[in-house]
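What follows is a short report on a single structure.
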Amino acid sequence: MEPVSMVIGATIALGGFLFGRLMTQRQSRTALEQQRRQEQARVLSGPQNPQPLCGCGHHLVFHDQETKRCQTQVVIPGRWTGQTSSTYRQCMCQGYRGPVPLDEYYAPDYLNGTDS
């Protein structure tokens, strides 16, 4: 090979490497800025109420009130069971054990202080 073509090849390779580095840094910067904006919007919107999630990841509304068992189905991928297709089965959660949401109560308004 002649030295000129080797220099041109090395220049192209170095240019591709530098271009890839610059694009990766730009993408990571934009992702970081977007994450900061989302976090700032979350802070400005106020504290979020914690959701009552069970250990299985399902919401409290999916649990039966009397037996406390989870009523949802979970997907078992076929690769775990050696089958070609996925299967569904009942969630094996024994019951919701998380924080109980507060009940909402109605309190009458006392506007003029006449209801005493």
Side-chain angles (χ1 to χ4, degrees):
M1 282 187 136
E2 58 187 86
V4 175
S5 61
M6 290 181 67
V7 171
I8 291 173
T11 305
I12 291 173
L14 182 63
F17 175 77
L18 293 175
F19 180 75
R21 294 282 293 183
L22 290 174
M23 292 305 292
T24 304
Q25 288 176 357
R26 181 179 295 167
Q27 288 174 351
S28 65
R29 247 183 302 186
T30 56
L32 183 61
E33 289 173 5
Q34 184 179 18
Q35 183 180 7
R36 285 181 184 164
R37 278 191 228 119
Q38 289 176 352
E39 184 177 317
Q40 186 179 16
R42 191 178 316 126
V43 168
L44 292 177
S45 67
Q48 300 292 329
N49 292 335
Q51 294 295 320
L53 296 178
C54 191
C56 60
H58 297 124
H59 198 273
L60 174 64
V61 297
F62 294 113
H63 291 77
D64 188 16
Q65 295 292 335
E66 295 174 4
T67 62
K68 304 293 185 196
R69 292 189 59 92
C70 189
Q71 299 296 316
T72 59
Q73 292 184 344
V74 293
V75 179
I76 302 174
R79 63 178 182 272
W80 289 357
T81 59
Q83 300 174 355
T84 57
S85 63
S86 299
T87 57
Y88 294 91
R89 70 167 175 83
Q90 187 72 27
C91 182
M92 298 302 289
C93 176
Q94 295 297 316
Y96 178 73
R97 304 272 190 261
V100 178
L102 296 175
D103 293 331
E104 294 182 14
Y105 293 102
Y106 172 74
D109 294 331
Y110 295 111
L111 296 177
N112 298 328
T114 59
D115 296 323
S116 52

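Counting from 1, the numbers follow the sequence of the chain as shown.
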When rounded to the nearest 0.5 Å, the distance separating CZ of R37 from CD of Q40 is 9.5 Å
What's the spacing between Q25 CD and L32 CG if we round to 0.5 Å?
13.0 Å
Quick one: pull up OG1 in T72 and CZ in R89 and give me the separation to the nearest 0.5 Å.
10.0 Å
One should read off an interatomic distance between D64 CG and R69 CZ, to the nearest 0.5 angstrom, of 10.0 Å
Are side-chain heavy atoms of V74 and H58 found at a separation under 4.5 Å?
yes
In terms of hydrophobic clusters joined by side-chain contacts under 4.5 Å, are I12 and V4 together?
yes
In terms of side-chain geometry, is the basic nitrogen of E33 or R29 positioned less than 4.0 Å from the acidic oxygen of its partner?
no
If you look at every heavy atom in H63 and H59, which pair is closest and at what distance?
ND1-O, 3.2 Å
Rounded distance (nearest 0.5 Å) linking atom SG of C70 with atom CE of M92
11.0 Å
Could you measure the distance from the SG atom of C91 to the CZ atom of F62? Nearest 0.5 Å is fine.
11.0 Å
